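Written below as structure tokens is the structure these notes are about.
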Protein chains: 2
Amino acid sequence: MNNRLKVLRAERDWTQADLASALEVSRQTINAIETGKYDPSLPLAFKFARLFQLQIEEIFSDR
Amino acid sequence: MNNRLKVLRAERDWTQADLASALEVSRQTINAIETGKYDPSLPLAFKFARLFQLQIEEIFSDR
DNA sequence: TCATTAAGTAAAACACACTTTACAAAAATA
DNA sequence: TATTTTTGTAAAGTGTGTTTTACTTAATGA
């Protein structure tokens, strides 16, 4: 699973910590997801989508 | 998190076991997700979406 | 260059996703 | 009604997602 989080953050000039606090998760969670260590849970994927106002599929991709 | 799995299954006349084998997960996993015991992982949510040819948000909803 | 901020990473702990086996209850069908 | 199929549920085990604390490295700015 890869994702566009780094780009979406850059477009907004947000740090990983900024994004983490917007989503109420730890900075390490953001880092781990961004660097592909693991996938977010579905509820967290929904939070990303809501925050960025995008479909989950526009942020995360299966292959 | 609620979902439309029961309806989507009914439209296709599939049992929980049918859906489970199409997705290569256990029947108990399908049952637990349908009955709200837990949410699927994001990769499994993608598999549902691909199978039903729907967006994840058209199958699962956050509230 | 020095100090600060941002990003990467690691370990331990805990909660949740998923499996297998097994059984009971409900629904469908002969 | 009797049998079969489907659904619900439970317990134990494994693996993954997330947290906290903490340290290192990289990038930014005075």
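Order of the sequence lines sets the chain letters (A, B, ...), proteins ahead of strands, with each chain counted from 1. Just so it is clear, the structure is predicted and the values come from calculations on it, not from any experiment.
One finds no side-chain N or O of A/Lys37 lying less than 4.0 angstrom from the OP1 or OP2 phosphate oxygen of D/dT16. Within the 4.0 Å cut-off from OP1 or OP2 of C/dG8, at least one side-chain nitrogen or oxygen of A/Asn31 is found.
The distance from atom CD of A/Gln16 to atom P of D/dT18 is 15 Å, rounded to the nearest whole Å. Spacing between atom CG of B/Leu23 and atom C1' of C/dA17 amounts to 15 Å, rounded to whole angstrom units. The NZ-P distance, from A/Lys47 to D/dG17, rounds to 17 Å in whole Å. In this structure, CG of A/Asp13 is placed 14 Å from C1' of D/dG29, rounded to the nearest angstrom. Atom CZ of B/Arg9 and atom C1' of D/dT5 are 13 Å apart (whole Å). Here the P atom of nucleotide D/dT9 and the CD atom of B/Glu34 are 12 Å apart, to the nearest Å.
The side chain of B/Thr15 approaches D/dT7 more closely than any other nucleotide in the set D/dT7, C/dT9, D/dT9.
With B/Glu57 contributing its side chain and A/Gln55 its backbone, the two residues share no donor-acceptor pair below 3.5 Å. Checking side-chain atoms of B/Asn31 against main-chain N and O of B/Gln28 turns up no donor-acceptor pair under 3.5 Å.
With a 6.0 Å radius and a threshold of 12 heavy atoms from other residues, nucleotides or ligands, A/Glu24 has its CD atom at or below the threshold.
Using a cut-off of 4.0 Å between Lys/Arg side-chain N and Asp/Glu carboxylate O, B/Arg9 and B/Glu34 are scored as salt-bridged.
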Show the numbers, then the answer: is there a side chain to side chain contact (heavy atoms under 4.5 Å, CB included) between B/Ile56 and B/Leu42?
CA-CA 9 Å; B/Ile56 289 173; B/Leu42 185 56; 4.2 Å; yes
Trace of the ring pair (Phe, Tyr, Trp, His ring centres under 6.0 Å) decision for B/Phe60 with A/Phe46
CA-CA 10 Å; B/Phe60 299 94; A/Phe46 268 93; 7.6 Å; no
Output one letter per nucleotide in nucleotides 18-25 of chain C: B when a protein non-hydrogen atom lies under 4.0 Å from the base, S when only the sugar-phosphate is that close, - when neither is.
BBBBB---
